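Only a predicted model underlies this, so the values are computations on that prediction, with no experimental measurement involved.
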Amino acid sequence: MSCCALQITGLIFGGVGMVGTLAATVMPQWRVSAFIEGNIVVFETIWEGLWMDCISQLGIKLQCKFYDSLLALSPSLEMFRALMCIAMGLSILAFLMGIAGVKYTHRTREDSQGISVFILAAGIAFLLTGVLVLIPVSWTGGNIIRDFYDPNVPVPLKRELGAALYVGWVSSALLITAGTMYCSFWCLANTSQKSRYPLPSRHRWHKHDFAGGKSLSMHAYV
């Protein structure tokens, strides 16, 4: 019962992490304009994301524009795009494998080898997705903090941490937790299978001779 609860909890965490990964990828609030010193422009906020720039005026009017040219993007932004797109696909695949693992576990509890295929694959996929999300989010956050405290960076170019980064960090933590739960369930399933069906090293069996009534002792090795 505890193993099933662990598996379902991991599936919920993975599902929430998957939704968070999708949201963090499409959200434009990765880098937000900073209101410091004399650069206090309260009626206008600039958002910079992976795919577009947005300007919010007094929280009422929002104007967004996609980046014009792929060739004009920085190599780091292109890498972040690729990592987040891979993370989206992998999170969906991991979630589907997690659902299949839950259904397969309830239907065939005796076949732990079949269970292990889905559980282990889902656990590894969740862990990889969490790492893929963590890399661009943490890299961007580190660059923002470095530029914010760098006196050589002009004040209008300083940015603050956007909401998408926090969504990405939370999603990464949930995905890694889900992967850890699934891998733990896989370890528990294999341990219980080995304890339930130990491999015999050597045994004897006797076969009666119907003609003479004698028994023949034979050795079988496994």
Is there a path of hydrophobic side-chain contacts, each under 4.5 Å between heavy atoms of I/L/V/M/F/W/Y residues, joining [Y] to [X]?
{"X": "Phe80", "Y": "Tyr67", "value": "yes"}
{"X": "Leu175", "Y": "Leu90", "value": "yes"}
{"X": "Val131", "Y": "Ile86", "value": "yes"}
{"X": "Val16", "Y": "Leu128", "value": "yes"}
{"X": "Leu77", "Y": "Met79", "value": "yes"}

Minimum-distance pair of heavy atoms, taken over all atoms of [X] and [Y]:
{"X": "Gly123", "Y": "Tyr182", "value": "CA-CB, 3.6 Å"}
{"X": "Ile99", "Y": "Leu11", "value": "N-CD1, 3.9 Å"}
{"X": "Phe13", "Y": "Met181", "value": "CE2-CE, 3.7 Å"}
{"X": "Ala94", "Y": "Ala122", "value": "O-CB, 3.9 Å"}
{"X": "Ile144", "Y": "Trp30", "value": "CD1-O, 3.7 Å"}
{"X": "Pro28", "Y": "Met52", "value": "CB-CG, 4.0 Å"}

### Student check: side-chain heavy atoms of Asp53 and Lys65 closer than 4.5 Å
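The answer is no, as the side chains (C-beta and beyond) never meet within the 4.5 Å cut-off.
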
### Query
For Gly101, does its backbone N or O pair with a side-chain atom of Gln7 as donor and acceptor, under 3.5 Å?
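Yes, Gln7 side chain to Gly101 backbone: donor-acceptor pair under 3.5 Å.
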
### Query
Got a donor-acceptor contact below 3.5 angstrom from the Thr177 side chain to the Ala173 backbone?
yes

What distance do [X] atom [atom1] and [Y] atom [atom2] have between them, rounded to the nearest 0.5 Å?
{"X": "Asn143", "Y": "Arg31", "atom1": "CG", "atom2": "CZ", "result": "7.5 Å"}
{"X": "Leu127", "Y": "Ile176", "atom1": "CG", "atom2": "CD1", "result": "7.0 Å"}
{"X": "Leu161", "Y": "Trp169", "atom1": "CG", "atom2": "CH2", "result": "5.0 Å"}
{"X": "Cys183", "Y": "Phe126", "atom1": "SG", "atom2": "CZ", "result": "10.5 Å"}
{"X": "Ile46", "Y": "Gln29", "atom1": "CD1", "atom2": "CD", "result": "13.5 Å"}
{"X": "Asp150", "Y": "Leu157", "atom1": "CG", "atom2": "CG", "result": "11.0 Å"}

